[in-house]
Visitor: 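Here it is, the structure, as structure tokens.
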Protein chains: 2
Amino acid sequence: MSSSRRDQLIAAAADLLDEGGPDAVQLRKVGSASGVSHNAPYKHFSSKEDLLAALAARELNAVCDAAERKARAGSPLAKTIMLAYVRWALMYPERFRLVSGRWTKGASEDIAQAAQRWQKLLYVAVEAAQKADELPQGDPERISSLILSVAHGAANLALSGHLSAKGKGKAEPSDLVADLFSYLAHPGG
Amino acid sequence: MSSSRRDQLIAAAADLLDEGGPDAVQLRKVGSASGVSHNAPYKHFSSKEDLLAALAARELNAVCDAAERKARAGSPLAKTIMLAYVRWALMYPERFRLVSGRWTKGASEDIAQAAQRWQKLLYVAVEAAQKADELPQGDPERISSLILSVAHGAANLALSGHLSAKGKGKAEPSDLVADLFSYLAHPGG
DNA sequence: ACCTGAACACCGTTCAAGT
DNA sequence: ACCTGAACACCGTTCAAGT
């Protein structure tokens with residue numbers, strides 16, 4: 001499964017994506033970068049969108065893998081996981097945008113599955129933090145969504161330059177995530 | 001200034017955007033919807049991106065206008081402003097995505113200006129809320145960024161279907177914004 | 001200054017054919 | 001099953017010319 005050629009095409013697409021966004025992922029270039037003709041990709045993906053969806057699913061699963069590895073190493077902290085997430089988003093802006101972009105419904109079952117896996121991971125970490133009294137009680141899913149929203153939004157704002165990067169108000173996405181955990185942890189601001 | 005034809009083209013672009021996203025904003029259609037030829041837009045905008053940038057700036061300024069109108073009517077509440085923002089985002093997903101999308105640096109001075117106006121508006125509202133003890137003390141800009149992040153991220157997650165829409169964990173973006181204000185207001189969760 | 005119609009360039013996609 | 005080369009369709013953009 002997942003033939004080497006298929007993986008090769010996805011890897012080529014990832015490189016092109018990082019360099020110039022989705023528009024730069026031209027099937028002709030994906031092909032030539034993989035040593036095949038410009039339309040060989042159609043034997044592995046039904047369309048460009050299908051290729052991008054496969055890439056997005058791969059990326060999100062990689063994020064999950066990293067988080068799980070960290071969790072097994074003994075630090076299943078929700079905060080740690082989210083900080084790693086925003087770090088990834090800033091390191092690979094285009095992949096982050098792709099993963100969180102719009103997907104025509106049904107376009108990718110894999111991506112929906114990866115997203116669910118990712119949410120589940122955070123959910124479990126939030127539950128653990130609640131037991132350790134590091135997060136307030138209340139529906140873990142709701143708190144997960146709040147945390148994920150901040151991480152997502154902060155990364156997006158930073159990437160579009162809408163986060164003041166200078167002066168005393170300066171805040172990196174990681175700072176904002178940390179702020180949220182701080183407010184949630186110690187009441188009283 | 002802002003000739004009627006120019007506005008007409010932007011309006012046509014907005015309609016097309018709402019219907020099918022940026023790819024659906026085809027200059028040929030923008031032209032024909034405005035009763036001019038397919039390349040008449042080039043007399044008003046240097047490129048498709050320039051047209052989209054003008055549209056984005058118009059939209060964000062409209063959001064600011066609405067918020068200012070509300071503020072003058074006597075409710076300059078940070079929370080109210082943000083709830084209106086997410087409502088707008090869900091009502092016009094494509095405009096929201098466009099505004100918060102990536103802009104090649106220097107592509108639009110107008111859009112950067114509108115973004116700054118928007119942030120300033122929120123900043124002032126946050127300061128007011130702090131004085132009323134409805135928000136914790138601390139750098140207003142930093143708190144503004146946190147609030148904006150949640151609104152942004154929650155709207156994005158909802159639009160990409162990554163927000164659990166069922167079960168007890170169900171949360172609308174407006175719920176998450178309200179949650180944040182609640183956590184910030186009363187310590188203790 | 002604003003507009004038109006023809007043309008070009010590029011890229012996603014399809015097709016017919018090869019092994 | 002996987003690949004190739006030619007061709008088509010579409011759309012952003014440019015050009016020469018009109019008023």
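Note on naming: letters A, B, ... go to the chains in the order of the sequence lines (proteins, then strands), and numbering restarts at 1 for each one. Just so it is clear, the values below take in all heavy atoms, side chains as well, and ignore hydrogens, waters and symmetry mates.
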Visitor: Please work out which residues in residues 9-32 of chain B have a non-hydrogen atom less than 4.0 Å from an atom of DNA chain C and list them by number.
Guide: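 Result for residues 9-32 of chain B: B:Arg28, sorted by number.
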Visitor: Below the 4.0 Å mark, does C:dC3 have OP1 or OP2 next to a side-chain nitrogen or oxygen of B:His44?
Guide: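 Affirmative; the distance criterion is met.
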Visitor: Roughly how many Å is it from CZ in B:Arg6 to P in C:dA1, rounded to a whole number?
Guide: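 The distance from CZ of B:Arg6 to P of C:dA1 comes to 16 Å, rounded to the nearest Å.
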Visitor: Separation of A:Asn39 atom CG from C:dA17 atom C1', in whole Å?
Guide: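 These atoms are roughly 12 Å apart.
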Visitor: Using both distances under 3.5 Å as the test, list the Watson-Crick or G-U wobble partner of D:dC10, or none.
Guide: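 Check on D:dC10: unpaired, no WC or wobble geometry under 3.5 Å.
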Visitor: Pick base, sugar-phosphate or nothing for B:Lys48, based on heavy-atom distances below 4.0 Å to the nucleic acid.
Guide: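 Sugar-phosphate contact only.
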Visitor: Over how many whole Å does the gap from A:Leu51 atom CG to C:dT13 atom C1' extend?
Guide: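 Those two atoms, CG and C1', are 14 Å apart.
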Visitor: With nearest nucleotide decided by heavy atoms, which residue, B:Tyr42 or A:Gly35, maps closer to the 5′ end of DNA chain D?
Guide: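 Its nearest nucleotide lies further toward 5', so the answer is A:Gly35.
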Visitor: Nearest whole Å is fine: how far is C:dC2 P from B:Gln8 CD?
Guide: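 After rounding, the reported distance stands at 14 Å.
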Visitor: Using a cut-off of strictly less than 4.0 Å, decide whether B:Arg5 has a side-chain nitrogen or oxygen near OP1 or OP2 of C:dC3.
Guide: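 For C:dC3, OP1 or OP2 has a side-chain N or O of B:Arg5 closer than 4.0 Å.
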Visitor: Would you call A:Glu68 and A:Arg117 a salt bridge, taking side-chain N to carboxylate O under 4.0 Å as the test?
Guide: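 Salt bridge present between A:Glu68 and A:Arg117.
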Visitor: I need the minimum non-hydrogen distance between A:Arg6 and A:His44, along with the two atoms involved.
Guide: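 Of all heavy-atom pairs spanning A:Arg6 and A:His44, the closest is NH1-O, 3.5 Å.
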Visitor: Given that both distances must come in under 3.5 Å, which nucleotide forms a Watson-Crick or G-U wobble pair with C:dT4?
Guide: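 Pair assignment: C:dT4 / D:dA16.
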Visitor: Which heavy-atom pair separates A:Ile111 from A:Ala53 by the least distance, and what is that distance?
Guide: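 Looks like CD1-O, 4.3 Å.
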Visitor: Nearest whole angstrom, please: distance from the P of D:dC3 to the CZ of A:Phe45.
Guide: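 The distance from CZ of A:Phe45 to P of D:dC3 comes to 11 Å, rounded to the nearest Å.
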Visitor: Name the residue from B:Trp118, B:Trp88, B:Phe96 that meets the ring pair (Phe, Tyr, Trp, His ring centres under 6.0 Å) definition with B:His152.
Guide: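 That would be B:Phe96.
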Visitor: Are the side chains of A:Ser145 and B:Leu157 in touch, meaning some heavy atoms are under 4.5 Å apart?
Guide: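 No, too far: nothing below the 4.5 Å cut-off.
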Visitor: Taking all non-hydrogen atoms of both residues into account, name the closest pair between B:Leu180 and B:Leu146 and its distance.
Guide: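 Residues B:Leu180 and B:Leu146, closest heavy atoms: CD2-O, 4.1 Å.
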Visitor: Is A:Glu94 salt-bridged to B:Arg102, cutoff N-O under 4.0 Å?
Guide: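 Yes, charged N to carboxylate O under 4.0 Å.
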Visitor: Tell me if the side-chain of A:His38 makes a donor-acceptor pair with the base of D:dA6, cut-off 3.5 Å, by modelled atom types.
Guide: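 When only heavy-atom distances are counted, A:His38 does reach the base of D:dA6 through a donor-acceptor pair under 3.5 Å.
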Visitor: Taking the nucleotide of DNA chain D with the closest heavy atom to each, which residue, B:Lys43 or B:Ser47, is nearer the 5' end?
Guide: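 Its nucleotide being nearer the 5' end, the pick is B:Ser47.
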